[in-house]
Amino acid sequence: MKTDIILAGVGGQGILTIAATLGAAALNENYFLKQAETHGMSQRGGEVVSHLRISDKPVFSDLIPLGTADLILSVEPLESLRYLSYLKKDGCLVTNITEFRNIPNYPELKKMFSEIERKVKTVQIDADEIARKCGNPKASNMVMLGAASPFISIPENVIVEAIATVFQAKGQKVVELNQQAFREGRHFALAE
Amino acid sequence: MQRKLLLGVEAIGQAAIDAGISGVYAYPGTPSTEITEYIQENGTAKERNIHRLWSANEKTAMESALGMSYAGKRSLTCMKHVGLNVAADVYMNAAITGINGGMVIVVADDPSQHSSQNEQDSRFYGKFALLPVFEPSNQQEAYNMTFEAFDFSEKTGLPVMVRITTRLAHSRSGVVQKELLPENVLKLPENPLQFMLLPAYSRKYYQQLLDKQPLLQKYSNESEYNTFIHGTDKGLGIICCGITYNYLLENYPDGNCPYPVVKIAQYPVPEIWLRKLEKECDELLVLEEGYPLVEELLTDFFERGKKVHGRLNGALPRRGELNPDHVAKALGHEKAESAELPLNLVNRPPSLCAGCGHQDTYIALNEVIAEYGSGRVFSDIGCYTLGALPPYSTINTCVDMGASITMAKGAADAGLEPVFAVIGDSTFTHSGMTGLLDCVYEKTNVNIIIVDNETVAMTGGQDSQAKGRIEKICAGIGVEPEHIRVFVPLKKNHAEIVAIMKEEVAYKGVSVLIGRRECIQRISRVKKMNREENV
Ligand SMILES: Cc1ncc(C[n+]2csc(CCOP(=O)(O)OP(=O)(O)O)c2C)c(N)n1
């Protein structure tokens, strides 16, 4: 078992919570794990990326080699395209479609996505909207994790438990909301 | 065997606590900041009341750590690579005094300059000071080696440097902890003159440091972290320093690297293993993060020795951090076929947050300098450095902490008029105050704008020692009270801010303008923390 994931987003969007949840799940399953993240300067609204590697054998490099990632999981559509060179040939791209426009020359993405869809398996999801329906737009992270979960070799219930571990300090209501968001995202991806 | 998921920096913090430190002394700086933050939050550290507040700068931090060592206790000091430049004076001399309680200096280098002005390699400082350097290759080694570094420090009587780079600092993995050690007891140095570097004494101490070098070499040869791994293909011998070992293994996931390998995690370099490798192999390849330190050591200037490949001969990039793909290329491996699509994406550079007060200061300053032309705003390091980018493009320099005031002074001395310095509150107390004294001493015509967001924002919102003290500091240094001006950087105050700036430009002496409004990130973080404490 091995899943190499590129997690992408913009500084402040909270991709680290997704990483923390998968980390907790992997540890519970006794898997090996390495997760490299971006701190510092780029967190001020810049591009941030995390390399997350889960395996049943020891993981060596903190960074994923080019062309070998199983999955790109992005909470922002432009950022989902930045790391395509890491994706393996039959890899999969799961992205939120809500754009984060903090640059003047934000490109038109529609055409790019239609080209990409022809070449790689792509799941595009309005995670912000689904999270809002669940009760809190902040849970869009967990919607994204849910949408990506069918492509990660960790059982669903283990991730659901890990969500409880990560959010438990914030109370049962927050845990349930995030678990619900996760399920909605997963449901969406499976129905695609 | 309980594994805990820790960042490299957290593993170091935990190891230092477990090794029984009585204090950590540090100034924030990416990628070293979270070592101290981890200790600040840690239960044992709180229980033991380990010293863990921030210092004014890296020099004061390291000196305090040395003082704690003088008193017999174990101390840790942490900084980013350029911080060691600030602390270099005490650092070089602490190598001569040696230590009493174990002292570990963690320096986090930033190859590829993710958040730094340069990518200097601290291992050269290790060599320079003739001190041992540990360079762990993964999170578990970061824990183990930091833990053991305190013993090593006491055993050799020397401070030990632990050198990491951004990648290990900010990557998480499962780490197994050791048992908590007790703190050292208070104990003065046996030789009361150990820390007295009068030439008559320090010549002797320097000789002692030189005499210790063979011992350090012996320890390096015997270190369990420096190993020789046999290989059947003697066409190439590979030397891996620190985390580059992982990039090599990544290219041989089944552990079938055919070449002999020397893995280095402790310096001085283990001579026996390097000599053995050189003897066995036709050519050598050096993998190291940062500058080509080992490669230079092994490359024969007259090209009579064996061929050495690495950053110097183009087998690897000369600049920037390495990754498994660079190593694959150096080994002549095929690249995996990727789903790459030809996309030319715009970058998303970091930017000032919406609502940040620095913006209002820059908008006003732009209006004031329009009259004189640009090229006269000397600045410094912090969030406000983003004012170099559009839409502001206000500031012209960012060199090293504190240089805004002193460079403005030099330019004023040269005849540039008017000149401005823009400096953050924390940068001001880090290294700006002495430069201000220079200006006051000579009554230099400078306009110093202290952009005071009441926190160390760029590195994550740590407490700023400057908070609530800036006016008093400036007055104490001798700035005339009527030229210490305070404004609130808000859009609605624009006209007032511009007026204040113009008045101070008209004054031909030292003016300090303090733009004070709390960092908006800090406000929301503190709110959130209070909310969480209430539930
Ligand atoms: C010698 C040195 N130490 C530490 C750093 C890291 N560093 C860069 S900016 C900064 C904080 C500056 O804080 P402040 O001056 O208050 O500005 P703000 O970010 O709050 O606007 C720090 C600690 C550095 N670049 N150089």
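In this structure, the side chain of B:Arg163 does not engage the main chain of B:Val107 through any donor-acceptor pair within 3.5 Å. Side chain of B:Tyr143 to main chain of B:Gln14: no donor-acceptor pair is present (N/O by atom type, distance under 3.5 Å, no hydrogens or angles). Using modelled atom types, no side-chain atom of A:Lys138 and backbone atom of A:Ala131 make a donor-acceptor pair closer than 3.5 Å. At distances below 3.5 Å, not a single donor-acceptor pair connects side-chain atoms of B:Glu321 with backbone N or O atoms of B:Ser112. Looking only at distances, a side-chain donor or acceptor of A:Thr122 sits under 3.5 Å from a matching main-chain atom of A:Val120. Side-chain atoms of A:Ser74 come within 3.5 Å of backbone atoms of A:Glu76 as a donor-acceptor pair (strictly under, hydrogens ignored). Not a single donor-acceptor pair under 3.5 Å links the side chain of A:Gln35 to the backbone N or O of B:Arg172. A donor-acceptor pair under 3.5 Å links the side-chain atoms of B:Lys80 to the main chain of B:Thr30, judged by distance alone. Using modelled atom types, no side-chain atom of A:Arg132 and backbone atom of A:Ser140 make a donor-acceptor pair closer than 3.5 Å.
Residues of residues 100-108 of chain A lying under 4.5 angstrom from chain B, judged on non-hydrogen atoms, are A:Phe100, A:Asn102, A:Ile103, A:Asn105, A:Tyr106, A:Pro107 by number. Residues of residues 249-256 of chain B lying within less than 4.5 angstrom of chain A, judged on heavy atoms, are B:Leu249, B:Glu250, B:Pro253 in numerical order. Along residues 24-34 of chain A, the residues that come nearer than 4.5 angstrom to chain B, judged on non-hydrogen atoms, are A:Ala24, A:Leu27, A:Asn30, A:Tyr31, A:Phe32, A:Leu33, A:Lys34 in order of number. Proximity to chain B at a heavy-atom threshold of 4.5 Å picks out A:Glu47, A:Arg53 from residues 47-59 of chain A, in numerical order.
Per-residue counts of heavy-atom pairs under 4.5 Å with chain B were compared for A:Thr68, A:Thr38, A:Val10, A:Leu93; the largest is that of A:Val10. Taking B:Asp110, B:Ile243, B:Asn347 one by one and counting their heavy-atom pairs under 4.5 Å with chain A, the maximum is reached by B:Asn347.
Under the 3.5 Å distance criterion, with hydrogens and angles disregarded, a donor-acceptor pair is assigned to the side chains of A:Asp62 and B:Gln139. A donor-acceptor contact closer than 3.5 angstrom links the side chains of B:Tyr392 and B:Gln359. Under 3.5 Å, the side chains of B:Tyr384 and B:Thr427 contain a donor-acceptor pair of N or O atoms. In summary, the side chains of A:Asp126 and A:Asn96 do not present any donor paired with an acceptor at a separation below 3.5 Å, with no hydrogens or angles considered. In this structure, a donor-acceptor pair under 3.5 Å is present between the side chains of B:Gln120 and B:Asn118. Counting only N and O atoms by type, the side chains of A:Glu176 and A:Gln180 include no donor and acceptor under 3.5 Å apart.
Note on A:Lys2 versus A:Asp70: salt bridge recorded, some NZ/NE/NH1/NH2 to OD/OE distance being below 4.0 Å. B:Glu10 has no carboxylate O lying under 4.0 Å from a charged side-chain N of B:Lys4, or vice versa, which leaves the two without a salt bridge.
Of the atoms belonging to B:Leu322, it is backbone heavy atoms, and not side-chain ones, that fall under 4.5 Å from chain A. With a 4.5 angstrom heavy-atom cutoff, B:Leu248 does not touch chain A via any of its atoms. Neither the backbone nor the side chain of B:Pro31 comes within contact range of chain A; no heavy atoms are under 4.5 Å apart. In this structure, chain A has a heavy atom under 4.5 Å from the backbone of B:His114, while its side chain stays farther away. Using a 4.5 Å cut-off between heavy atoms, B:Leu386 contacts chain A through its side chain alone, with no backbone atom that close.
Counted within 6.0 Å of NZ on A:Lys121, heavy atoms from surrounding residues, nucleotides or ligands total more than 12; the atom is thus considered enclosed. Other residues, nucleotides and ligands contribute more than 12 heavy atoms inside 6.0 Å of the NE2 atom of B:His333.
Note: B:His81 NE2 to B:Ser116 OG = 4.0 Å, rounded to the nearest 0.5 Å.
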